[in-house]
Each structure stands twice: as C-alpha cells, then as structure tokens.
Amino acid sequence: MLFRFRRSTTVFGWLLILVGIVYLAIGFRGAVVGIPGSLPRMLVGLGAVVVGSSIVRWVRRARSE
C-alpha cells in the first residue's frame, strides 16, 4: 500500500463513528420535536458513520495483507 495505517488512524475512524451516532441521535430528536435544521445534522451524522466505518475497514484490510 502507498499509505501506512497506524493506530491513530483506527482511533480516528472509531471517533468518527461515535460522533456520527451522536449527530444522528441529536438530529433525530430535533426532527421529532420539530427543530429546524435537524435534517442536515442527520446527514452529517450518517456521513461520519460511513466514512468512519470505511476507515476502520481499510485499516483491517491493510493489516491482513
């Protein structure tokens, strides 16, 4: 691989996943209550979960090779 994944990359991926879950929860709560701007928070949270899980999968794949 061209890039070496280290432990900090894995931690960053898990941190993105956790922050994404928090943003999803805040956005969902805001949508239920009717607070404007909750849909963008949900989309940011979903994006963070997707990117974080991709990073974690790339690190696992790089370590197995």
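Position 1 is the first residue of the sequence, and the numbers go up from there.
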- [ ] Take atom CZ of R63 as the centre, draw a 6.0 Å sphere, and report whether it contains more than 12 heavy atoms from other residues, nucleotides or ligands.
- [x] yes

Task: Residue pair G20 / A48: nearest heavy atoms and the distance that separates them - done: CA-CB, 3.7 Å

Task: G27 to S38 - nearest heavy-atom pair and separation - done: O-CB, 3.3 Å

Going by side-chain heavy atoms closer than 4.5 Å, which hydrophobic residues are tied to [X], directly or by a chain of links?
| X | answer |
| --- | --- |
| V33 | I35 |
| V50 | none |
| V44 | L15, V19, Y23 |

For [X], check side chain to side chain contact (heavy atoms under 4.5 Å, CB included) against everything at least two apart and list the hits.
| X | answer |
| --- | --- |
| I26 | V22, R41 |
| R60 | W14, V56 |
| F12 | L16, I55 |

- [ ] Report the distance from atom CZ of R7 to atom OG1 of T10, rounding to the nearest 0.5 Å.
- [x] 7.0 Å

